[in-house]
Structure formats: structure tokens, C-alpha cells
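The structure appears below as C-alpha cells.
Letters A, B, ... are given to chains in the order of the sequence lines, protein chains preceding strands, and every chain is numbered from 1.
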Amino acid sequence: MTLTAAEWSAVALSLKIGLVAVLCTLPIAFALAWLLARHRFPGKILVDALVHLPLVLPPVVLGWLLLVLFSRSGPLGAWLEDWFGISLMFRWTGAAVAAGVMALPLMVRAIRLSLEAVDRRLEQAARTCGATRWRTYLTITIPLSLPGIAAGAMLGFARSVGEFGATITFVSNIPGETRTLPLAIYAELQVPGAEGAVTRLAILSVLLSVGALLASEWLTRRGRGKDAHVL
Amino acid sequence: MTLTAAEWSAVALSLKIGLVAVLCTLPIAFALAWLLARHRFPGKILVDALVHLPLVLPPVVLGWLLLVLFSRSGPLGAWLEDWFGISLMFRWTGAAVAAGVMALPLMVRAIRLSLEAVDRRLEQAARTCGATRWRTYLTITIPLSLPGIAAGAMLGFARSVGEFGATITFVSNIPGETRTLPLAIYAELQVPGAEGAVTRLAILSVLLSVGALLASEWLTRRGRGKDAHVL
Amino acid sequence: MSFEVRVEKRLGGHAVAADFTAEGPVTALVGPSGIGKTSILNMVAGILGPDAGRIVVAGRALFDADAGIDLPPEQRHAGYVFQDDRLFPHLNVENNLLYGQKLARARDARIEAGEVIALLGLEPLLRRLPRNLSGGEARRVAIGRAMLARPAFLLLDEPLTSLDEALREEMLRTVERVRDQFRLPILYVSHNPEEVRRITAEVVRLSRR
Amino acid sequence: MSFEVRVEKRLGGHAVAADFTAEGPVTALVGPSGIGKTSILNMVAGILGPDAGRIVVAGRALFDADAGIDLPPEQRHAGYVFQDDRLFPHLNVENNLLYGQKLARARDARIEAGEVIALLGLEPLLRRLPRNLSGGEARRVAIGRAMLARPAFLLLDEPLTSLDEALREEMLRTVERVRDQFRLPILYVSHNPEEVRRITAEVVRLSRR
Amino acid sequence: GSGPETRRGPLVLAAASLQEAMTQAADAWAAKGHARPTLSFAASSALARQVLADAPADLFLSADEEWMEAAERGGKLRAGTRRPFLGNRLVLIAPANATPPASIAAALSGLGDGRLAMADPDAVPAGRYGKAALTSLGLWTGVERRIAGAENVRAALLLVERGDAPLGVVYETDARASRRVRVVAPFPAGSHPPIIYPIALLAASAAPEARGFYDFLLSPEGRAIFARHGFTEPAR
Ligand SMILES: Nc1ncnc2c1ncn2[C@@H]1O[C@H](COP(=O)(O)OP(=O)(O)OP(=O)(O)O)[C@@H](O)[C@H]1O
Ligand SMILES: Nc1ncnc2c1ncn2[C@@H]1O[C@H](COP(=O)(O)OP(=O)(O)OP(=O)(O)O)[C@@H](O)[C@H]1O
Ligand SMILES: [Mg+2]
Ligand SMILES: [Mg+2]
């Protein structure tokens with residue numbers, strides 16, 4: 001299977017956007033998961049609901065919300081523009097933001113499940129051994145929740161690779177900049193008789209995520225291994 | 001906020017389709033999670049990849065695949081028609097199938113994470129107490145993986161409520177039959193200046209899933225409670 | 001002949017082996033830490049598969065590599081007090097205690113739930129979850145669960161750990177009663193020579209070769 | 001004055017309370033199962049907050065409800081052998097043993113890793129994960145980890161459980177050495193009167209009121 | 001409301017851009033005492049695929065000829081019922097509050113680093129017409145790299161409404177429906193292939209009044225409803 005330049009570009013973009021989205025969302029997702037797993041506070045159910053929002057709302061609505069927030073006249077967009085000279089509109093960075101937002105609920109849930117399964121008594125043991133709260137997170141909590149972190153990263157990456165509605169609504173379909181695999185597939189789907197091209201692109205998507213799957217399995221297995229001080 | 005009849009119908013449909021999708025997918029998701037968590041077999045990575053497919057592929061492609069499979073002339077559609085006289089085309093049942101398929105990867109992952117965290121030694125203890133393999137699943141494994149089952153059901157329900165692309169592609173956008181909240185939102189988005197109606201519908205989606213969130217929290221808490229023989 | 005155990009098992013780099021035949025009702029299994037006592041109990045209970053050998057308890061073959069016999073744990077009817085308790089964390093004390101009893105087809109109700117609960121002083125704890133128990137309380141629940149599973153024989157892995165003097169005495173007397181009254185075969189692991197001396201004269205000593 | 005403990009704590013429906021001042025290096029804490037020995041050790045270690053009271057160890061106030069003192073566990077410098085081991089499941093034996101040592105700013109290296117490992121016979125196990133250890137092996141790692149955390153005092157909750165006679169003797173001698181040579185204050189929970197008698201004359205007996 | 005099972009109206013699959021006009025037409029038909037047609041709006045591509053998969057529907061209104069052609073080739077249309085139904089015009093739009101440029105060429109040359117919003121020029125019908133028009137006007141190479149390809153015309157309209165794109169290419173019907181955009185200039189009719197919305201009865205059609213509704217839509221009364229929304233007579 002040889003790829004056209006346009007197909008290559010879509011694959012490379014999907015990979016780049018998926019990786020950036022997952023890596024940037026991971027700390028946020030961990031912080032939220034930790035907040036939800038470990039703390040009780042007024043309005044917790046609201047935070048929880050907010051985290052699920054991107055799952056519940058149709059992607060197009062999410063894309064529209066992002067557009068409203070990040071367009072030059074939007075509150076966040078104006079701020080980004082004024083302070084950092086950054087604009088997400090029509091840029092691959094905007095696509096990464098869309099993908100990250102869509103991946104967030106999946107990542108938070110997976111990490112939260114693992115965090116809730118961590119035996120708090122082991123953290124207490126670490127504290128009595130002299131580890132500060134932070135040190136305990138780094139050396140005990142995070143390694144023990146590695147299965148959830150890996151699963152979350154995997155789900156998030158897969159979701160990013162499949163993300164369509166929010167992306168096209170937020171940053172449009174610009175070849176080489178925001179035309180990821182799903183957007184390329186969409187374009188092909190609009191034309192009768194392009195089923196062959198659609199199939200090729202779909203197979204590329206699947207291959208990308210099989211790669212991610214293997215990486216996450218490897219990560220989980222390594223985490224269970226002998227010398228797993230992750231940091 | 002008073003709702004129009006059309007809005008009510010979309011809410012009721014979304015709720016019905018979400019519940020049916022989650023309830024019917026749950027046993028399949030559990031079986032797959034169990035297979036992936038507890039067994040090694042050749043082709044495991046393939047099964048794993050297949051489970052992730054609905055996440056990775058753009059929903060429209062999934063919808064098209066479902067259309068091809070379940071149309072009257074399609075392999076599964078012909079079989080359902082011949083043997084059971086059932087057709088999913090343009091029916092709410094088809095929308096539930098689409099929602100279930102899209103929810104599957106999320107449910108499998110969450111359940112799998114919890115299953116992998118279950119201490120196998122407790123299952124051994126149950127066996128020595130006289131519980132058969134099946135009895136052990138019912139009384140030990142399933143209750144102990146309840147957090148993952150609840151989280152999976154929650155994620156799956158939220159995903160069902162937000163499902164758009166696969167649904168409209170597979171079963172069209174038929175008021176009262178397949179026009180769920182996201183499809184109703186899509187319809188409103190076709191009308192310039194209907195942001196108000198879109199917002200109302202989006203809020204309804206969010207309320208639906210906050211309900212589901214509360215239900216799943218309750219289920220998890222109950223599972224940790226005192227008398228949690230679930231079956 | 002209560003126990004006939006001849007097994008071999010490789011665990012990691014380590015080899016566990018035993019070969020003994022015990023006549024009396026109670027057989028003590030002693031030996032240095034890490035020699036394989038728990039592994040042998042696990043093999044008798046059916047949750048660890050021997051590489052080779054034969055296990056017969058009270059005339060019933062539970063495992064025989066040559067004859068292809070390997071009964072699943074639930075058909076071996078062991079009452080096993082695990083070294084690490086293994087209480088079911090989602091069930092309260094009462095449901096932990098009754099877990100095995102509920103499952104056994106009323107084979108024989110020689111050991112009564114009420115009696116065991118009273119003996120172990122567990123009444124005030126029946127509604128508690130295992131995570132809220134002290135070490136000795138959890139130990140007592142583990143003992144109670146094993147006794148109430150209507151066992152055909154008992155596997156006790158250092159059963160008196162974490163118990164105070166009074167409870168220890170009570171438990172020893174109970175083991176003696178089970179030994180004398182019901183004549184259930186008992187395989188008893190302990191590091192306490194005094195305990196062993198009191199309960200049986202039949203001691204199997206495992207040692208490194 | 002090694003320990004000054006005056007605490008109260010409600011746990012579920014149960015109230016744990018203690019009030020004692022100990023002079024000697026080793027203080028034994030005894031009492032029936034479920035009376036609150038482990039809870040008191042947890043309060044001294046700083047992982048369970050007393051409702052009221054005051055805890056002073058070797059002249060250092062770790063907790064004082066009235067003065068608003070409540071040092072976090074990592075600043076209390078306890079060497080705590082938990083009743084239930086609590087080994088870190090993702091770290092091998094070596095990293096479990098060195099976990100505390102790595103964290104302590106070389107306060108004093110009186111207790112050497114090599115020495116502890118040899119004493120506890122852990123060399124062959126250094127690369128093992130906790131889940132592959134026998135009960136007694138895990139116990140030894142827990143003891144080693146506490147001793148190597150460069151503790152200012154020791155909390156030992158039935159430390160000799162699951163150890164065979166020879167290891168028990170070895171460990172008792174080690175405790176005696178720590179007592180005599182390093183003069184670390186030790187709070188020692190045990191159900192074995194003989195063990196207690198050998199190690200100290202200063203016994204705090206908790207009982208139900 | 002819809003009638004009982006026995007009086008079920010026809011099921012109409014219609015391109016999403018026809019939604020408002022089509023809904024009014026269905027209302028008008030129902031007002032005459034007929035069972036109200038059930039309307040399903042989606043992208044023409046999705047609807048055509050459903051037609052090709054033997055969907056149990058009665059009428060198909062596509063936003064372009066290609067998908068209708070595909071349905072006909074698949075044998076899914078009732079013979080002789082495929083008709084060009086509506087036409088439309090392509091216009092260049094700008095936000096209502098922007099200063100009006102003189103012409104299409106002037107507007108596009110002032111684009112700067114702004115974006116020209118239009119439906120995907122390689123895929124979506126409106127985008128393909130737009131690309132053809134810009135090409136024949138000799139403007140395409142100048143703006144090719146400034147295109148923001150939207151999912152559909154309405155999404156392109158949204159970008160201009162919000163001012164995120166200073167210019168957009170949409171159908172006249174869309175431009176008229178929004179108060180927040182202003183037409184800079186229409187594209188000359190000859191600059192792109194004629195815009196045609198075809199209609200056809202489906203071979204699978206079983207609803208008794210499908211033919212009646214089809215005839216109503218094609219009647220002067222029916223066409224008048226669509227004309228009020230800016231649709232034109234299709235070019236022959
Ligand atoms: N999964 C495993 N992999 C490798 N080695 C194992 C595994 N399980 C147990 N072992 C080793 O097998 C040996 C026997 O373990 P076992 O638990 O049977 O000892 P034990 O006699 O019960 O000791 P103790 O008195 O300390 O409880 C030990 O050396 C232990 O480290
Ligand atoms: N989280 C909890 N909720 C309710 N009760 C608790 C909780 N934790 C401990 N307890 C109770 O507090 C009491 C003291 O427990 P603790 O573990 O301190 O006892 P102990 O003296 O160490 O007993 P043992 O010798 O059996 O280990 C016990 O009755 C126990 O059931
Ligand atoms: Mg053992
Ligand atoms: Mg205790």
C-alpha cells in the first residue's frame with residue numbers, strides 16, 4: 001500500500017495531534033482524577049459533570065463552544081492573542097485542543113479508577129518511611145495507578161485519532177494544517193464511489209491505534225515489572 | 001424551562017436508547033473485558049484492536065459500516081430479517097445498536113481495569129470455601145469489579161447520549177424514532193440564529209448525564225457498602 | 001491414614017517438595033521460613049498445581065498426576081485458614097463467616113454458626129467490613145469462615161498469629177475438640193514448638209536439602 | 001523519658017485510649033485483641049489523628065492537641081513494622097528495603113544496609129517482588145525497611161509473627177542490640193509474654209474499662 | 001401531529017440545507033388534510049447511502065446531482081421520477097458590520113491573512129461549486145491557501161457570522177437566512193456548473209401519498225414555498 005502525499009500528511013498530522021493532545025491532557029486529567037478520587041468538596045458533582053461534558057454533548061456543539069471561547073473575539077481567544085500572540089483558530093494546535101478536550105473524560109475516568117484502587121495504607125507506609133506527600137505521589141501513587149494512566153492515555157489517543165466533529169467545527173478542514181485522518185475520510189465520503197479511498201484511510205487509522213495499543217500494553221507491563229520507579 | 005413536544009420526544013428517545021444500549025452492551029463488554037484481562041490467546045491484540053475500533057474510526061464510518069452490515073441486503077441485516085423478521089433500518093433499535101457499538105470500547109476498558117485490579121487470591125479463597133468457578137465470579141469477581149462496571153456504564157451512557165455521527169448515518173434523522181438529542185441539536189444548527197434552541201437541548205443532554213452520574217456514584221458506593229452480594 | 005502427600009513444585013528458582021504420610025488426626029508441618037509450608041497447603045487445597053505427585057486426604061485422592069486426578073478446590077472441601085486471612089473485603093463479617101456455609105450442601109452441620117461466633121467473640125463485629133477490623137479480629141473471622149465451610153479437613157496456616165493469650169488458649173482448645181470429637185484431619189503449620197507439642201505428636205519437619 | 005503518650009480516639013463505635021509514660025528504651029504494649037494497640041502505634045507514627053492528647057517521643061513533641069502540634073509522618077522519623085507488612089508491591093525487595101534510606105538525609109548511618117540484609121537472610125531475595133515472598137520472608141523485609149529508614153525510634157507491631165525459631169532468636173538479639181547499643185526508643189507490641197519478658201521489664205497493659 | 005399507523009405520511013430524505021423550506025412545505029401539505037410527511041434531514045451523502053442500502057423511505061431530495069445519479073445507477077429510484085427540483089445561487093458574504101468591498105476580486109485581494117470560509121472545496125457540493133467559480137474567475141490560486149473548509153455551508157456561514165473568517169462563499173439561501181452577514185456580490189451564474197437540487201421517488205416507496213406529496217412539491221404552489229426561501233428554478 002503506497003500512500004499519496006495527502007494521505008501521508010493526514011497520517012502525520014493525526015499522529016502529531018494525537019500525541020500532543022494526550023501528553024498535554026495527561027497532567028490535567030491526572031489532577032482532575034485525583035481531585036475526584038481523593039477529595040470531597042462542595043460542587044464535586046459539578047466538576048464531575050463538567051469533565052463528562054465532552055462525552056455527552058455532540059462533538060459539533062463542543063467544536064462550536066471551542067470556537068466561541070477561542071475565536072479572536074472570544075474570551076479565551078482574546079486573552080491568548082493579547083498575552084501570548086497565540087491563535088488556535090485554523091491551526092493544528094487548535095485541533096490538538098479539540099482532541100484533548102474530547103479525550104479528557106476518558107482519561108480522567110480510567111486514571112480515577114486506578115487511583116481509587118490504590119491502597120492508601122501503602123501511602124501511609126511511605127510517609128512513615130520519610131517520604132513527603134509529593135514524594136509519595138511520585139514513588140507510590142503514580143506507579144501504582146500506572147495501569148489506569150496507560151489505559152487512559154490509550155483511550156485518549158484512540159479518541160484523538162477518531163476525533164472529527166469538534167475539530168472540523170473549531171478549526172475547519174485545512175490540508176496540511178488541520179486535515180487529520182477523520183477529516184480526510186469525511187472529504188472522501190462526500191463523493192460517490194470513493195469507498196476505496198475511505199477504506200485505505202480507515203485502515204491507516206486502525207494501524208495508528210494498534211501502535212498505541214501495543215505501546216500502552218508495554219507501559220502497563222513495565223509498570224508491573226521489577227524496577228518501576230517511573231520518575 | 002418548558003419543553004416543546006419535539007424536545008420531549010428527543011429527551012425520551014435519548015434516555016431510552018442510552019439505557020437499552022448500555023444494558024445490552026454491558027454483558028458483552030464484561031465478557032470481552034474478562035477475556036482481555038484474564039486470558040492469553042493468539043490474536044488477543046487483534047481482539048483488543050477490534051474493541052477499540054469504534055473509538056478510532058470517525059463515527060460516520062462506523063455508521064456506514066453498520067448500514068452495510070444491517071441493511072436488508074447486508075449479511076447481518078438479511079439474517080435478522082429472515083430469522084426474526086427484525087429490521088434495524090431507520091428504527092430506534094438501530095440507534096441503540098449504534099450507541100452500544102460506540103460505547104463498547106469505553107465500557108470494556110473501564111471494566112477491564114477493575115477486573116485486573118481484583119486480587120486473584122480472594123477468588124482462590126472463595127473456591128476453597130466451596131464456590132464453583134461461576135459462583136466465584138458472581139459473588140467475588142463481579143462485586144469487586146463493581147467500580148469499573150459502574151464507571152463503564154456511566155461512560156457508555158454518556159457516550160450514547162452524545163452519539164451523533166454513527167446514528168445519523170445508520171438510521172437517519174427521523175423525529176420520534178431516531179432523532180435523539182444530538183440529532184435534534186444538529187437540526188437546530190441548520191437554522192441560523194437558533195443558538196437559544198441549541199443551548200436548551202445541550203442543557204437537557206447535560207442533565208440526562210448528570211442523572212446517570214449520580215446513579216453510577218450511588219451504585220459504586222453501594223458496592224463498597226456492607227451487604228453487597230449483587231446477585 | 002489422614003494425609004498422604006507426595007508433591008514437587010518449582011516456584012521461581014526455588015523447589016518445594018514434600019513426602020509424608022500422617023496417621024493421626026492432627027499433623028503439624030514445621031520448618032524454616034520460606035521452605036514451602038504454605039505452598040504445600042495450597043497444593044492440598046487445590047489452588048496451586050503440583051508438578052508431580054499425589055495427594056490423598058482421609059482416603060480420598062485429591063490429586064494424582066499419574067492417574068490424571070486433579071479435583072477443583074471446591075470439590076476438595078478444605079477448611080483453609082490462610083496465612084494472610086484473605087477475607088472478602090466487600091462482605092461484612094457475618095457474610096464472610098457464612099460464605100462457605102451457604103455454599104455447602106448441608107453435608108453435615110456439626111459445627112454451628114452461632115457456636116463459632118460466640119467462641120471467637122465475633123458478635124459485636126458481625127456488621128463490620130474487614131477493613132475496619134484489627135489484626136486479631138480479622139484472624140478470628142478467617143478461622144470462623146474455615147470452620148463454617150463444613151470442611152472435610154482443615155488446613156491451618158499459623159492460625160494463632162495476632163491472637164492474645166486468652167484467645168489462643170480458646171482456639172487451641174477448639175482445635176483439640178475438633179480433633180477429638182469430629183476427628184477431622186488437620187494439617188497445622190506453626191512456628192511455635194509449644195503449640196505444636198500440645199496439639200499433636202505427629203510432626204512433619206521440612207528442611208533444606 | 002522515651003515515650004509519653006496520652007491519646008483518645010473514637011473508631012466507629014469503639015473508643016481507643018492510652019495514657020502512659022515510659023522511661024526505658026523498650027516499652028512493651030500488650031492487651032487483648034482489638035483493644036487498640038495498633039491504633040496507638042498509628043497515632044504515634046502520625047498516620048491516625050488522635051481526637052485529643054499529647055505524644056512525646058525522646059523529648060520531641062510529635063502531637064499536642066492543646067499546643068496545636070501535629071507533625072506529619074515524614075517528620076516523625078518512625079521506623080514502623082506494620083502488623084500487615086505493607087510492602088510496596090511494585091518495588092522489588094531491594095527497593096523496598098532502601099525506600100526509607102534513600103529519603104532520609106543521612107541523619108546517621110548507624111544501621112548498615114548490608115548488615116541488615118545479611119542478618120535477615122534476604123540476599124537471595126533482593127530481586128523478588130513482594131507477591132512472590134512467603135509470609136516470613138515478607139515479614140523480614142518489613143523489619144529491614146523499618147530499620148533502614150534511619151529511624152529516631154521504632155514501632156514494632158508483633159514483629160516476630162511468621163518467623164521460625166532461629167529467625168526469632170536472631171531478631172530478638174537484634175532488638176536487644178538496637179536497645180543497648182543505639183538506645184533507640186522502641187514501642188513493642190506482642191502477644192507473647194515470654195518474648196516481652198526477655199526484652200523489657202516495662203510493660204504497658206491496655207485493658208477494657 | 002402525525003396520524004395513526006394506517007395514515008402514515010411518506011418518509012422524505014432531504015438534504016439538510018432544505019430544512020426550513022421543506023418543513024414549511026410539509027406543513028402546507030398537512031394543512032390540506034393529508035398525513036404529515038416524516039422528514040429526515042442529513043448530509044446528502046449520508047442519505048444517498050441509506051437509499052443505496054434499501055432504506056424504507058419514499059422521497060429523496062439531494063443537494064447535488066452526483067448522489068442522485070449514484071442512487072439511480074443503483075436502481076433505487078422509481079423510473080422516470082427523477083427531476084431537477086430547485087436551483088440556487090452562490091454568493092460571497094462578509095460579516096454584516098464590515099465595510100463593504102466593491103467586488104468579489106477586490107474583497108478577495110483584501111483577504112490578507114484572513115480565511116475564506118466555504119464548504120470543503122473538494123467534497124461538499126457547495127464547496128465544489130465555489131471552487132469552480134473562483135477558478136473560472138481566475139481567483140482560485142490566490143486564495144487556495146487561505147481556504148477554511150467547513151463541514152457544510154451552515155458551518156461556513158457560522159464562521160463568517162462570528163467574524164472568525166472575514167469572507168465566505170455560501171448559497172444565497174443561507175445568506176438570506178442570516179441577519180449577521182451581508183452579501184458582497186453573487187457569483188456570475190456562468191462561472192460554475194448549474195446548482196441543482198434533484199428530487200425523485202424511491203423504488204422502495206410504499207406510502208400511499210408519496211406520489212401526491214411529490215407532485216405537490218413540484219407544483220407551482222410547492223415551488224412558491226421554496227422560492228420564498230430564495231431557491232430558484234433549476235437551470236435547464
Ligand atoms: N510466585 C512465586 N515465585 C517465586 N517464588 C515463590 C513464589 N511463591 C512462593 N515462592 C517461594 O517459594 C518458597 C516457599 O514459599 P512458602 O510461602 O510456601 O513458604 P513457607 O514455608 O510458608 O514460609 P513462611 O513460614 O515464611 O510462611 C519461598 O522461598 C518463596 O519465596
Ligand atoms: N476504621 C475503623 N472503624 C471502626 N472500627 C475500627 C476501625 N479501625 C479499627 N477499629 C476498631 O478499633 C479497635 C482497635 O483496633 P486495633 O487495630 O488498634 O486493635 P489491636 O489492639 O491492634 O488488636 P490486635 O491485637 O487484634 O491487632 C478494634 O476493635 C477495631 O475493630
Ligand atoms: Mg507460609
Ligand atoms: Mg493490631
Mark yes when over 12 heavy atoms from residues, nucleotides or ligands other than Arg38(B) sit less than 6.0 Å from its CZ; otherwise mark no.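 Yes - once you tally the heavy atoms of other residues, nucleotides and ligands closer than 6.0 Å, there are more than 12.
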
Please say whether more than 12 non-hydrogen atoms of neighbouring residues, nucleotides or ligands are located less than 6.0 Å from CZ in Arg198(C).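 For Arg198(C), atom CZ is crowded (more than 12 foreign heavy atoms under 6.0 Å).
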
Salt bridge or not between Asp119(B) and Arg86(C)? Use side-chain N to carboxylate O under 4.0 Å.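 So Asp119(B) does not pair with Arg86(C) through a salt bridge.
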
Kindly indicate, with the supporting measurements, whether the criterion side chain to side chain contact (heavy atoms under 4.5 Å, CB included) is fulfilled by Tyr99(C) and Ile140(B). CA-CA 11 Å; Tyr99(C) 186 85; Ile140(B) 307 294; 3.7 Å; yes

Rounded to the nearest 0.5 Å, what's the gap from SG on Cys129(B) to CG on Leu98(C)? Could you check?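 If I round to the nearest 0.5 Å, the distance is 11.0 Å.
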
Would you give the length of the straight line joining atom OG1 of Thr136(B) to atom CD of Glu74(C), rounded to the nearest 0.5 angstrom?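 If we round to the nearest 0.5 Å, Thr136(B):OG1 and Glu74(C):CD are 7.0 Å apart.
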
How far apart are the closest heavy atoms of Leu122(B) and Leu87(C), and which atoms are they?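 Shortest heavy-atom contact: CD2-O, 3.2 Å.
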
Test log, rule side chain to side chain contact (heavy atoms under 4.5 Å, CB included), inputs Leu144(B) and Phe88(C): CA-CA 9 Å; Leu144(B) 288 179; Phe88(C) 304 126; over 6 Å; no

Under 4.5 Å from any heavy atom of chain B, what part of Leu155(C) do you find: side chain, backbone, both or neither?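 Looking at Leu155(C), nothing touches chain B.
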
Counting only N and O atoms by type, is there a donor-acceptor contact under 3.5 Å from the side chain of His90(C) to the main-chain atoms of Thr139(B)?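 Such a contact is found between His90(C) side chain and Thr139(B) backbone.
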
Looking at Asn42(C), Val93(C), Ile47(C), which makes the most heavy-atom pairs under 4.5 Å with chain B?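 The answer is Ile47(C).
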
Could you tell me whether the side chain of Gln124(B) reaches within less than 4.5 Å of the side chain of Pro73(C), counting heavy atoms only?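 Side chain of Pro73(C) against side chain of Gln124(B), heavy atoms only: no contact under 4.5 Å found.
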
Validation row: Asp84(C), Arg121(B) side chains within 4.5 angstrom (heavy atoms):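 In short, these two side chains touch, coming nearer than 4.5 Å.
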
